[in-house]
Structure formats: C-alpha cells, structure tokens
There are 2 protein chains.
Amino acid sequence: MPMQPESDEAHISDGRRRKGHERRRRLLAAVMSVIERDGVAAVTQRVVAKEAGLPPSAVTYYYATVDDLLTAALIQVNDWYIDAFASLSADDDRAMEQLAELIAAGGDRNRAHTMAEYELFLMAGRRPDMRAEIARWNQVIDAFTARFTADPLDGTAIAAAIDGLFLRTFTTDGLSTAPEVLAVLKRITRRHPFAPE
Amino acid sequence: MPMQPESDEAHISDGRRRKGHERRRRLLAAVMSVIERDGVAAVTQRVVAKEAGLPPSAVTYYYATVDDLLTAALIQVNDWYIDAFASLSADDDRAMEQLAELIAAGGDRNRAHTMAEYELFLMAGRRPDMRAEIARWNQVIDAFTARFTADPLDGTAIAAAIDGLFLRTFTTDGLSTAPEVLAVLKRITRRHPFAPE
DNA sequence: TAGAATCTGGAGCGATCGCTCAGGTTTTTT
DNA sequence: AAAAAACCTGAGCGATCGCTCCAGATTCTA
C-alpha cells in the first residue's frame with residue numbers, strides 16, 4: 001500500500017507509480033464532476049468509480065475513505081483558486097478587472113465549479129482537520145486585499161465583500177457580467193462616491 | 001392524506017389537525033438539530049425520525065420525501081433570519097449594532113445554526129424550485145442596505161459584505177466579537193476613513 | 001530471470017438508504 | 001352509535017452504501 005500522495009513532480013521514472021499518479025488525477029477529476037453535477041452528498045465510492053471509468057475498489061485503493069477523497073478535492077480546488085489569484089496582474093487596476101472576470105465567470109461558465117468550491121468549503125468548516133484549507137483560502141484573499149489597503153478593518157471588509165460577491169453571483173441570476181461586478185468592487189476598494197459622513 | 005402545510009394559524013379547532021401540526025414542528029426541529037450536528041447529508045428519514053422520537057413512517061407521512069423535509073427546513077430558517085432582520089431597531093446606528101451582534105453570534109453560539117442556513121442556501125442554488133427562497137433572503141438584505149444607501153451598486157457591495165461576514169465568522173476563529181464585526185460594518189456603510197481617491 | 005513492489009478488480013458482508021403499504025387508532029361528523 | 005375523516009405505524013422491499021478481501025496482472029529491482 002502506497003497511499004502517500006507521492007511528490008506530485010513532473011515526470012516519474014517508475015512506471016508503476018506513474019500509472020497510479022494518473023489514476024489519482026482521474027479520480028479527483030471524477031469527484032469534481034460529480035460534485036458539480038449533484039453536490040458533495042452524491043460523492044460515493046461507486047459513483048466516483050463509475051465517473052472515472054474504474055472499479056469501485058480502485059477508489060479505495062488510492063483513497064482509503066470517501067472523506068480522504070473529499071479532502072483531496074478541496075485541496076485541489078483551493079490550489080486552483082490560489083493559482084488564479086497568483087496569476088492576477090501586478091497592476092492593481094488590471095488585477096481588479098481580472099478578479100471581476102473571475103467572479104463573474106463563477107456565476108456563468110464556472111458556476112458549477114464555484115458551487116463545488118463553496119460546498120467543499122462549508123464541509124471543511126465542520127471538520128477540524130480541514131480547517132487548514134479554509135485558512136489557506138483566507139490568506140490568499142487577505143494578501144490580495146492588502147494591495148488596496150493597509151488597514152486590517154478595511155481589508156476584512158473587502159475580503160468579506162469578495163466572498164459575498166462570489167456567493168451572490170452563483171446563487172442569483174442578476175449580477176452576472178464582469179463590468180457589473182467590477183463596478184461593485186470599485187465601490188468597495190476606492191469608495192470615491194461616498195460622503196465622509 | 002393531508003400533506004398540505006395547512007394554514008399555520010394559531011389555534012386549530014380540529015384536534016386531529018392540531019396534533020399533526022405539532023408533529024410537523026417537531027420534525028422540522030429535528031431536521032435542524034441533525035443539520036447543525038452533522039450537516040445536510042446526514043438528513044435521512046430514519047435519523048430525523050429518531051431525533052424527533054417518532055417512527056420513520058411518520059416522517060414520510062408528513063413530508064412525502066426527504067427533499068420536502070429539506071425544503072421546509074430552508075423556508076423555516078429563512079423565516080428565522082427574516083424575522084431577525086425585521087426586528088432590528090428603527091434607529092440606523094442601533095440597527096447596525098444589532099446586526100453586528102447577530103453576525104457575531106453566527107460565529108459563536110449560533111454557529112451551527114448559521115452553518116445550517118448556509119448549507120441549505122447552497123443546496124437551494126442547485127434546485128430550481130428552491131430559488132424563490134434565495135430571492136427572499138436577498139430581498140431582506142437589500143431592504144436593509146437600502147437604509148444606508150440609495151445607490152444600487154453600494155447596496156450590492158454592502159449586501160455582499162454582510163453575506164461574506166456571516167461566512168467568515170462561522171468558518172474562521174478570528175473576527176468573533178460583535179464590536180469587531182461592527183467596526184467592519186461601519187467601514188462599509190460609512191467609510192469615513194477612506195480617501196476620496 | 002527471480003523476487004519484490006505496485007496495481008487491478010470481481011465478489012460480497014453488514015448496514016443503511018428512500019419509500020411503500022396494509023392495516024391500526026383517534027377524533028370529528030352525522 | 002355508526003360512519004367518515006384524519007392520523008399513525010411496524011414491517012419490509014429493492015437498492016445503495018462504505019469498506020474489506022484476496023488472487024491475479026503488471027512493472028520494477030537485483
């Protein structure tokens with residue numbers, strides 16, 4: 001039994017491990033497909049196996065429990081978003097535009113994917129061993145908000161608004177285009193239309 | 001088979017219906033307990049029945065399917081929050097304080113309840129027949145934000161931040177006290193520390 | 001090429017699942 | 001008191017669940 005995620009390095013010389021590595025990828029992809037289509041509750045050993053075109057026992061072989069499968073899926077999705085944030089432009093204005101596009105896509109072509117992220121996120125809130133992933137996500141958001149304000153309260157406000165915007169875009173039908181989202185983001189980060197009380 | 005939610009009016013003269021009405025209440029309370037403890041995925045006919053101290057068939061009798069049970073639970077939770085918002089003070093400053101307390105409680109003593117709300121909320125995003133409940137929640141938030149701004153963009157920004165604050169309080173350990181939340185809320189709605197660009 | 005490591009997948013155990021159903025009890029109506 | 005209406009439930013069917021087991025196939029190491 002290997003069971004270790006094994007260093008996910010590029011080329012693995014050992015053909016045996018390479019095959020296992022490939023199957024892990026297929027399984028996680030299958031998990032995401034299932035969550036996107038039917039939600040986390042639909043993730044079962046047999047369903048995932050069928051989706052991946054593998055026998056049920058193969059699922060158990062690579063991920064001892066269904067929980068392990070979900071944890072791995074959460075980490076992968078987190079990686080996806082972290083990478084997306086890391087890829088934002090160094091120019092603040094441009095980065096804001098790109099974020100707006102990212103959020104808008106979460107209500108449109110990436111809707112299922114974004115819902116999956118939030119479902120896994122919520123699940124993580126219930127399991128102490130997954131809390132680290134929540135912290136990882138928050139760090140990414142906080143690092144982003146730090147580009148727009150040095151004040152921690154303002155940072156929290158912006159971060160909360162970003163989280164809320166993601167939530168709104170994929171649960172509501174309005175607020176779907178990137179320009180709309182961008183306009184809202186600008187109000188939060190720049191605030192020029194507000195009176196100083 | 002009655003199956004109708006039957007007008008939930010105060011006193012029901014018919015003793016038969018009154019008993020059924022009481023049992024619906026107990027079942028929904030049981031559903032909330034289960035969700036708060038183990039999540040929506042744990043809501044099964046038998047588990048709910050046991051939690052309510054009723055036979056499994058009683059669950060089916062009052063709610064034809066488990067889905068019906070979850071839908072009813074979502075409506076009830078929505079009612080709870082809508083009532084909470086309706087009970088906020090007429091004074092804007094005081095209302096903001098009360099909202100901060102409400103959000104902070106969502107990360108503390110009401111954590112499980114708030115998580116349940118969001119889990120049901122997410123589930124609703126996947127089922128077209130529950131979309132109406134999402135709209136109902138959004139309307140409540142929007143009505144609240146309207147007290148602080150007439151601008152729809154600002155309104156969306158505030159609403160998103162409120163949603164995000166709820167999310168943050170019950171997934172993170174920091175940001176737990178009402179004063180902290182209030183400070184953030186004030187930045188969003190009043191914004192006086194921000195430079196006009 | 002022998003032996004070790006890794007991978008494969010069919011069979012299946014015990015438990016739980018959603019839901020049905022046939023007949024029971026309680027309450028109201030006549 | 002009889003009939004009607006509403007309420008209630010134990011038993012259980014067929015399906016799926018998580019997970020185990022283990023003999024065989026494949027691939028690397030020595």
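We name chains A, B, ... by the order of the sequence lines, and we start the count at 1 in each one. Scope of the values below: all heavy atoms of this structure, side chains included, with no hydrogens, waters or symmetry mates.
- Straight-line distance from the OH atom of A/Y63 to the P atom of D/dG18: 16 Å, rounded to whole Å.
- In this structure, the CG atom of B/L69 is 13 Å from the P atom of C/dC17, given to the nearest Å.
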Between side-chain atoms of residues 30-44 of chain B and protein atoms elsewhere (two or more places apart, or another chain), which donor-acceptor pairs fall under 3.5 Å?
| from | atom 1 | to | atom 2 | distance (Å) |
| --- | --- | --- | --- | --- |
| B/S33 | OG | B/A29 | O | 3.2 |
| B/R37 | NH2 | B/E51 | OE1 | 2.4 |
| B/R37 | NH2 | B/E51 | OE2 | 3.2 |
| B/T44 | OG1 | B/V47 | N | 3.2 |

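- With sequence neighbours excluded, no residue satisfies side chain to side chain donor-acceptor pair (under 3.5 Å) with A/S57.
- Each of A/S57 and B/S57 has a nearest nucleotide on DNA chain C; the 5'-most of these lies closest to A/S57.
- In this structure, CG of A/L27 is placed 10 Å from P of C/dT8, rounded to the nearest angstrom.
- A straight line from NE2 of A/H21 to P of D/dT27 spans 18 Å, rounded to a whole angstrom.
- One can place CD of A/E22 at 14 Å from P of D/dT27, the figure rounded to the nearest angstrom.
- Each of A/T71, A/N138, A/N78 was compared with A/E133 under the side-chain hydrogen bond (donor to acceptor under 3.5 Å, both in side chains) criterion, and only A/N78 meets it.
- Put simply, B/R23 has a side-chain N or O that comes within less than 4.0 Å of OP1 or OP2 on D/dT9.
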Which side-chain N or O atoms in residues 95-110 of chain B pair as donor and acceptor under 3.5 Å with protein atoms at least two apart or in another chain?
| from | atom 1 | to | atom 2 | distance (Å) |
| --- | --- | --- | --- | --- |
| B/E97 | OE1 | B/R94 | NH1 | 2.9 |
| B/Q98 | OE1 | B/S89 | N | 2.6 |

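- Not a single salt bridge (Lys or Arg N to Asp or Glu O under 4.0 Å) links B/E180 to another residue, sequence neighbours left out.
- Atom CZ of B/R26 is separated from atom P of D/dC7 by 16 Å (rounded to the nearest Å).
- Near-neighbour residues of DNA chain D inside residues 41-54 of chain A, defined by a heavy atom below 4.0 Å, number-ordered: A/V43, A/T44, A/Q45, A/R46, A/V47.
- Not counting sequence neighbours, the partners of B/D173 by the salt bridge (Lys or Arg N to Asp or Glu O under 4.0 Å) test are A/R131, B/R111.
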